[in-house]
*Asks:* 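The structure is given below, and queries will be raised subsequently.
Each chain gets a letter, A, B and so on, in the order the sequences are listed, and its residues count up from 1. It should be emphasised that the depicted structure is a prediction, and the values quoted were computed from it without experimental measurement.
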2 protein chains.
Amino acid sequence: MSEKRDYSTMSEPDFSALFKKIDELKPQFIDRLRKAVEIPSVSGDESLRPQVVKTAEFLKAELEALGAEDIELRELGTQPPPVADANLQLPPIVLSRFGKDPSKKTVLVYGHYDVQPAALEDGWNTDPFKLVEKNDVLYGRGSSDDKGPVMGWLNCIQAHRELGLELPVNLITCFEGMEESGSLGLDALIAKEATGYFKGVDAVTISDNYWLGTTKPVLTYGLRGVNYYQITVKGPAADLHSGLFGGIVAEPMTDLVKILATLVDTDGKILIKGIDEQVKKLTEEEDKLYDDIEFDVEVLNQATGSDTALYKTKKDILQHRWRYPSLSIHGIEGAFSEAGAKTVIPAKVKGKFSIRTVPDISSEKLTQLIVDHVNEQFKLLNSPNTCEAELIHDGDYWLSDPFNDNFTAARKATKAVWNIDPDLTREGGSIPITLTFEKELKTSVLLLPIGRGDDGAHSTNEKLDVSNYIEGVKTQSAYLHYYAQGSQ
Amino acid sequence: MSEKRDYSTMSEPDFSALFKKIDELKPQFIDRLRKAVEIPSVSGDESLRPQVVKTAEFLKAELEALGAEDIELRELGTQPPPVADANLQLPPIVLSRFGKDPSKKTVLVYGHYDVQPAALEDGWNTDPFKLVEKNDVLYGRGSSDDKGPVMGWLNCIQAHRELGLELPVNLITCFEGMEESGSLGLDALIAKEATGYFKGVDAVTISDNYWLGTTKPVLTYGLRGVNYYQITVKGPAADLHSGLFGGIVAEPMTDLVKILATLVDTDGKILIKGIDEQVKKLTEEEDKLYDDIEFDVEVLNQATGSDTALYKTKKDILQHRWRYPSLSIHGIEGAFSEAGAKTVIPAKVKGKFSIRTVPDISSEKLTQLIVDHVNEQFKLLNSPNTCEAELIHDGDYWLSDPFNDNFTAARKATKAVWNIDPDLTREGGSIPITLTFEKELKTSVLLLPIGRGDDGAHSTNEKLDVSNYIEGVKTQSAYLHYYAQGSQ
């Protein structure tokens, strides 16, 4: 088993030995994931911070055993407020490197070792911090998000080592411990290491999302951005009693609901002029990408637990989730919001809404359109109150070329493992780190999900199918080889 | 000074001896109020409940000293949840009686001996539970709301006693200790005692509101009612992430703000059909009642700390506060309501609003109009969500005849003391106990305020002007005599 192969020179690589080895190592791979899951690395719970750090140390030990070089637990300093413990240290970022061969391409793999909170009493069938295998499914917090995919990369390296097979690329790991709590410190680290630790990275691969459904692998090439807005309507100096003042003062809530009502229709149509015109036109070629995607309205209805879908066809649903903007009204700050009845006239209310952005919407232009729209609508009300619309934060959309070398390698790998072409998907939400890697390292980013759409990432009874875990290791491995091989 | 006079047979009573006595007793009256204010009888603070009870005992001792009969501290049992102490006893209602002469009329006077919370650090210039006299003004929590007026009735009795003057009516006191916390137990007591302790009551007088302004006495003959409604829009089974679901599901918040926007205009006009038609038409006679009332838009602007008044003339403002309905949107339950930005699609939202009701709006008809309106508007949205409008609670409006014997007596008394006809006012809010007395005792209720509009009843630095306190005792006294005298 120590024979050296170089798949990168083969037009049709033969992965049989590698895949066989991965199958053989299955019990060890599951054991590795078990050890990771059993450390409750909940980044959002300050009292569990030592467990998050313990997971970083576990990773360090594993990487050492696998022969990594330049292993670092990069400290990020204290966590900024609000925190109970002002000296709370951020969990470190685990950096390591396999190979420094200048003739090889360099791939950076990103994942996170922290998890969402979980407790048996939330409705878990088993202890969330024990990995429980049942009917070829692995249950446990972090099994799919994101300890499974992170262990996947380690498994990949182990399989190569046991075969005496050289990795076809230089591999850099970047595993963080704060992803579920805002990735504090990561942006700055990436920016700093773009010309340092991460110098020469050719491609970035993130295994931290999911298949769209439950049976067909996907590669993800786009994410929507999000612009969050607030409309503040102010009137009286303080909240008033509606008995004394109802009917004789202009009430800010009256104005605010009227303005909010002009933003979007029940059918999802955004009513603000000038936004639709900025949306990239759907080409026939792009439209075709949706033809083979496995999805239907029932999947959506199951996810929402209702029959409130605005569209009935697969293409309409997915395109409105992925490539068209949407506007959601989230709530109102400053008004009565509790149960029961309170007869207050709120003096100052803030309506909150956000717009999911897509190519080619410009954040600046969008904000101007919003401000103009709100001002115009407020003027029509002829109110003595004051009104102001403002941007609270924005995060850009991300769109990659699903036919570039990075995606092509992943497509070939998927085909080699699953014997099917992956669906090319986008996501409606944002993963800001994707954009950071792309911008700072000036390279292509690939989202290569391992788990299924029903893994319940942030929910109870989170799971990862054994097949997804093991075939995932194969896909990750084959991807590295196809990427090393380059476009042909 | 022991000469007995019977003013009730005199067409123009001579109050000179009585008023002189009241002036003489001023130091004692202020001292009585001082003792009352120094007991911090905050009904809303469970830890201060013993102080509330102590105030009841103080009243009992005062009434005994003044020769009252049938004095009772009527227990009302334990306070219903939510309370920290499940065995917390409600403060007693102080009942007493002066005179049982069947040839005399019987007047019940109501007031309350509990107060709003107060603390120096809220911005008081002096200890709120010390009565501080400065420039002929008495500062202290409860000075105006409502210990001053309650002491007024006791002062009234003392003055008669010291003159050896018989009270012209049988007087019953009903002083409660839970007014600032929902008057728990009072409704039931009134209903029960209508044929018991309160049997034969001819008139009820409540001194627990305020002059409209600061210089002119008023009598209050009307209160608006209030109907509180909730519109519930339900969609998905649970809150959704706007990244994943924005643009592909019908969002309950979108529907709710659209419906809320159809209820009322910025200028206060209620948009629900059929309500205006139920409002009693303004007669020329009623309109004239507003001619002499002391009020202007500046008073309103000062009260709201803004320039958001919907009307500029005295009549428009007061009529819209008192005799026209109003609709206020209070808030939304179930949506995001905190500071900051959260990208949630709320699954179930409840919009809250209330309508201040006036003669001759029927609560049942109003609710039907609301439900019909909301259903009609929701149908126009063509939404897959569900929507339901419901009444949460209603309290009727109250309108008395400001020219009946009870009010006429009070008007004459005011004229005798202040040498001016009082303004006849209504209030925009509700004092539910007014209606309870009227309905249960089947008698006329008079609101005879003692304090001024700027007394700051529930605010910091609550005060009662010495002149209001002392002239108030005279007014209360003269009122009893004029009422005994009957219409002439």
Side-chain angles (χ1 to χ4, degrees), chain A residues 224 226 228 235-238 240-244 246-251 253-255 257-258 260-261 264 266 268 300 304-311 317 320-321 324 326 328-333 335-339 341-345 352 354 356 381 383-385 392-393 428-430, chain B residues 224 226 228 235-238 240-244 246-251 253-255 257-258 260-261 264 266 268 300 304-311 317 320-321 324 326 328-333 335-339 341-345 352 354 356 381 383-385 392-393 428-430:
Chain A
R224 292 195 292 188
V226 60
Y228 206 102
L240 299 175
H241 187 283
S242 67
L244 291 175
I248 57 173
V249 297
E251 303 189 12
M253 271 296 274
T254 304
D255 295 346
V257 298
K258 282 190 186 286
L260 291 175
V264 62
T266 291
L300 174 58
T304 68
S306 67
D307 190 14
T308 58
L310 292 175
Y311 303 96
I317 294 169
H320 280 89
R321 170 183 276 181
Y324 288 116
S326 64
S328 296
I329 301 169
H330 305 298
I332 296 173
E333 179 187 345
F336 178 53
S337 63
E338 287 155 49
K342 189 178 168 189
T343 53
V344 67
I345 297 176
K352 318 268 182 107
S354 67
R356 295 283 162 176
L381 297 180
S383 171
N385 295 318
I392 300 303
H393 68 68
S430 51
Chain B
R224 290 196 293 188
V226 62
Y228 205 101
L240 300 175
H241 188 282
S242 67
L244 292 176
I248 58 173
V249 297
E251 303 188 13
M253 271 296 274
T254 304
D255 295 346
V257 299
K258 283 191 186 284
L260 291 176
V264 61
T266 292
L300 173 59
T304 69
S306 67
D307 190 13
T308 58
L310 292 174
Y311 303 96
I317 294 171
H320 281 88
R321 170 182 277 182
Y324 288 116
S326 63
S328 296
I329 301 168
H330 306 299
I332 296 174
E333 180 187 344
F336 178 54
S337 63
E338 287 154 49
K342 189 177 170 190
T343 55
V344 66
I345 298 177
K352 319 267 181 113
S354 67
R356 295 284 162 176
L381 297 181
S383 171
N385 294 318
I392 299 302
H393 67 68
S430 51

*Asks:* Just give me the residue among B/M253, B/H241, B/R356 that pairs up with chain A most often, heavy atom to heavy atom, under 4.5 Å.
*Replies:*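 Top count of heavy-atom pairs under 4.5 Å with chain A: B/R356.
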*Asks:* Under 4.5 Å, counting heavy-atom pairs only, tell me which of B/H330, B/H393, B/K258 racks up the most with chain A.
*Replies:* B/H330
*Asks:* Pick whichever of B/G246, B/A309, B/G429 has the most heavy-atom pairs under 4.5 Å with chain A.
*Replies:* B/G246
*Asks:* B/E333 and A/E338: which non-hydrogen atoms are nearest, and at how many Å?
*Replies:* OE1-O, 3.5 Å
*Asks:* Could you check which of A/S337, A/S354, A/G268, A/P384 has the highest count of heavy-atom pairs closer than 4.5 Å to chain B?
*Replies:*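 Result: the option with the highest number of such pairs is A/S337.
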*Asks:* For A/V249 and B/T304: C-alpha separation, side-chain torsions, deciding distance, then whether side-chain contact (heavy atoms from CB on, under 4.5 Å) applies.
*Replies:* CA-CA 8 Å; A/V249 297; B/T304 69; 3.7 Å; yes
*Asks:* Between A/L260, A/L240, A/V344, A/I345, which has the largest tally of heavy atom pairs under 4.5 Å with chain B?
*Replies:*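 Answer, by heavy-atom pair count under 4.5 Å with chain B: A/V344.
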*Asks:* Find out whether A/I332 and B/I332 are in side-chain contact, i.e. whether some heavy atom of one side chain is under 4.5 Å from a heavy atom of the other.
*Replies:* yes
*Asks:* Can a side-chain donor-acceptor contact be found between A/E251 and B/S328 if the only test is distance below 3.5 angstrom?
*Replies:* yes
*Asks:* Side chain from CB out, backbone as N, CA, C, O: work out which of these in A/I317 comes under 4.5 Å of a heavy atom of chain B, or both, or neither.
*Replies:*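 It is both, since atoms from each part get that close.
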*Asks:* Do any N or O atoms from the side chain of A/R321 and from the backbone of B/L244 form a donor-acceptor pair under 3.5 angstrom?
*Replies:* yes
*Asks:* Which heavy atom in A/P236 sits nearest to a heavy atom in B/S306, and how many Å separate them?
*Replies:* CA-OG, 3.6 Å
*Asks:* For B/S383 and A/T266, which heavy atoms make the closest approach, and how far apart are they?
*Replies:*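 Smallest heavy-atom distance, with atoms named: CB-CG2, 3.5 Å.
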*Asks:* Which heavy-atom pair separates B/A261 from A/A261 by the least distance, and what is that distance?
*Replies:*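 Nearest pair, atom of B/A261 first, then A/A261: CB-CB, 3.7 Å.
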*Asks:* About how many Å separate OH of A/Y228 and OG of B/S242, when rounded to the nearest 0.5 Å?
*Replies:* 8.0 Å
*Asks:* Side chain from CB out, backbone as N, CA, C, O: work out which of these in B/T343 comes under 4.5 Å of a heavy atom of chain A, or both, or neither.
*Replies:* both
*Asks:* A/I248 versus chain B, heavy atoms under 4.5 Å apart: side chain, backbone, both or neither?
*Replies:* both
*Asks:* Using distance alone, with no hydrogens and no angle criterion, decide if B/N385 and A/T308 have a side-chain donor and acceptor under 3.5 Å apart.
*Replies:* no
*Asks:* For the candidates A/A238, A/G331, A/G305, which exhibits the highest count of non-hydrogen atom pairs separated by less than 4.5 Å from chain B?
*Replies:* A/G331
